[in-house]
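Notes follow once the structure below has been shown.
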Number of protein chains: 2
Amino acid sequence: MSHTVGVREAQKQKTRKALMEAALVLLEGQSLSSLGLREVTRAVGVAPTAFYRHFRDTADLGVALVDEALGSLHAVIRATLTATGDSAGRIDSTVGLIARHVHAHPAHIRFITRERHGGVERVRTAIGEQLRLFADEVAAWLATQPDCAAWSEDDRRMLAHVYVDHMVMTASAFLEAESYGAERVEAAASLARRQLRLVSLGRRHWLD
Amino acid sequence: MSHTVGVREAQKQKTRKALMEAALVLLEGQSLSSLGLREVTRAVGVAPTAFYRHFRDTADLGVALVDEALGSLHAVIRATLTATGDSAGRIDSTVGLIARHVHAHPAHIRFITRERHGGVERVRTAIGEQLRLFADEVAAWLATQPDCAAWSEDDRRMLAHVYVDHMVMTASAFLEAESYGAERVEAAASLARRQLRLVSLGRRHWLD
DNA sequence: CTCCTGAGAGTACGGCTGTTCACTGACTAT
DNA sequence: ATAGTCAGTGAACAGCCGTACTCTCAGGAG
C-alpha cells in the first residue's frame, strides 16, 4: 500500500480485539450481566478507563461479540445450502460442518447460546435479529427447492425456523459433549442426524 | 391438627418463600450470576445475614428455584401424555396447555430458559437433570404407543428429546410473544402446532 | 417455670465496582 | 517543522458486595 492504514488505528483495533477475546474467556464461567468492565481491562493489562475508548459499556461489548460470532456465519450457511447430494449425504455434511465450527470456535458458541436468552436485552435482541436473518436465508432457499415450491410462505418460514433452532441446539449439544470425550461427540452427531432425518420425512409428506 | 407444624417453622418458610419470589422478580432484568445476596434481602426487607439461614449462596437459591419451577411440571406432563384424541386434537391441547402454563408462571419460565445455558454450573446441571427426567417420561410413554413399539430404544429417546426441546422453545416463544400482544401469542401457537405436525408426519413415516 | 435453640438484627471489615477528571505522549495531518 | 488528535494512564470518588462477628428475644422442650 502507498499509505498504511495507520499505526495508530492498527494499535487501537489490536486493543479492542484483546478486550473482546479476554471477555470471551471470562464469559466461560459467568454471564454477560455479571461481567465487569474492570475485570476485562485487568485481564488485558490495560487501565479501566481505556475501556471507554472502545465500548460504552459491557452490553456494547456483548453486541460486538454477537456480530463477530454470527456475522461470519452467513457465508457458512450459504455454503451449506448450496451443497449438492442426496438427503442423507446433505444431512451428514451439515452436521459435520456444525461439529467442525463448534470445535473451531467453542467460546463463540458458548457465548451465543448463553446470551440468547440472557439477562442483557440489547444482546438478546442482537442475537435474535441475526438468527432471524439466518431463517430468512433458509426460507429463501427453500422456495427454490422443488418439494417446497408449492408450500405457503408461512410454512416455509416455519420449516426454516426449525432448521435454525436445530442448528443452535446441535451446536450447544456439541459444545457440552466435547468436554466429555469423543464418543459423546459422536453420540451428539448421531442424535442430530436422526433428528434431521425426522424433519426430512415430515417435510416429504407435508402436503399429503 | 393436635399440634400445629410450629409457628416458628412456618415463619421461616414464609421468609424463605419471600426470598425466592423476590429473586424471581429481580431475575427478570438480569442473570443469576449477577444476582447479589444483599439485593435479594433488601427487596424482602430483611437483614443480609438472614439470607444464610436459608441458602448457602445465590447458586443455592437458584437450585431451589429450579425445583420449584420444574418439580411441579411432572404431573402436568403426565396429564398431557395420557390425554386421548386424534393427532390434531392432541397437538392443539398440548400447545394450549403450554400457553396456559406460561401465562400462569411467566417468571418461572423466564428463569428456566435464561439459566438453562446460564453462567452458574450447579443451576445449569439441575435444569438439565430435570429435563432429562422429562425426556425419560416421554420416552417411556412412547414405548406404549403402537406406532413406536417397533422403534429402537435410541430412536424413541431421540423423539422424546425433540418433544421436550420443542416444549421448552415453545414456552420461551410464548413468553416473548406475550409482551407484544394477543395476535403474536396466536402466531406463536400456530407456529408450534405446525412444528408438532411436522414431527408427527416424520414419526408416522420413520420406519418406511 | 426455666432453659435452650435458632431466626433475624446490627455493626464492621476489606475488597471490588463504574465513572469522573486531568494528564501524557506517540502518531498524523497540514 | 508544528500543531492537534486521541489511545491509554493514574488518582480519586461514592457505593455496592460477601462475610464474620456479637447480640436479641420469641418459640418450643423438659
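Protein chains get the first letters and strands the later ones, always in sequence-line order, with residue 1 at the start of each.
- B:E9 has no carboxylate O lying under 4.0 Å from a charged side-chain N of B:K12, or vice versa, which leaves the two without a salt bridge.
- A salt bridge links B:E129 with B:R132: the closest approach of a Lys/Arg side-chain nitrogen to an acidic carboxylate oxygen falls below 4.0 angstrom.
- We find that B:D92 and B:R197 are not joined by a salt bridge, their nearest charged nitrogen and carboxylate oxygen being 4.0 Å or further apart.
- A donor-acceptor pair is defined here as one N or O able to donate and one able to accept, closer than 3.5 Å; no such pair exists between the side chain of B:R156 and the backbone of B:A140.
- Contact check for B:R110 versus B:L24: no side-chain heavy atoms found under the 4.5 Å cut-off.
- Looking at heavy atoms from C-beta onward, A:R194 lies in side-chain contact with B:W206 at the 4.5 angstrom threshold.
- From the 5' end on, the contacts that DNA chain C makes with chain A at under 4.0 Å to a non-hydrogen atom open and close at C:dT17 to C:dT28.
- Judged purely by distance below 3.5 Å, without hydrogens or angles, the side chains of A:T80 and A:T94 never pair a donor atom with an acceptor atom.
- The number of heavy-atom neighbours closer than 6.0 Å to NE2 of A:H74, taken from other residues, nucleotides and ligands shown, is above 12.
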Are there any protein N/O atoms within less than 3.5 Å of an N/O atom in nucleotides 12-15 of chain D, and if so, which ones and at what distance?
none

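- Within residues 40-61 of chain A, the residues having any heavy atom closer than 4.0 Å to DNA chain D are, in order of number, A:V46, A:A47, A:T49, A:A50, A:R53, A:H54.
- In this structure, the NZ atom of A:K12 is 4 Å from the P atom of D:dA7, given to the nearest Å.
- Rounded to whole Å, the distance from CG on A:L37 to P on D:dC16 is 18 Å.
- Distance CZ/B:R78 to CG/B:L73: 12.0 Å, rounded to 0.5 Å.
- Summarising the local packing, CD of A:E121 is surrounded by 12 or fewer heavy atoms from other residues, nucleotides or ligands at distances under 6.0 Å.
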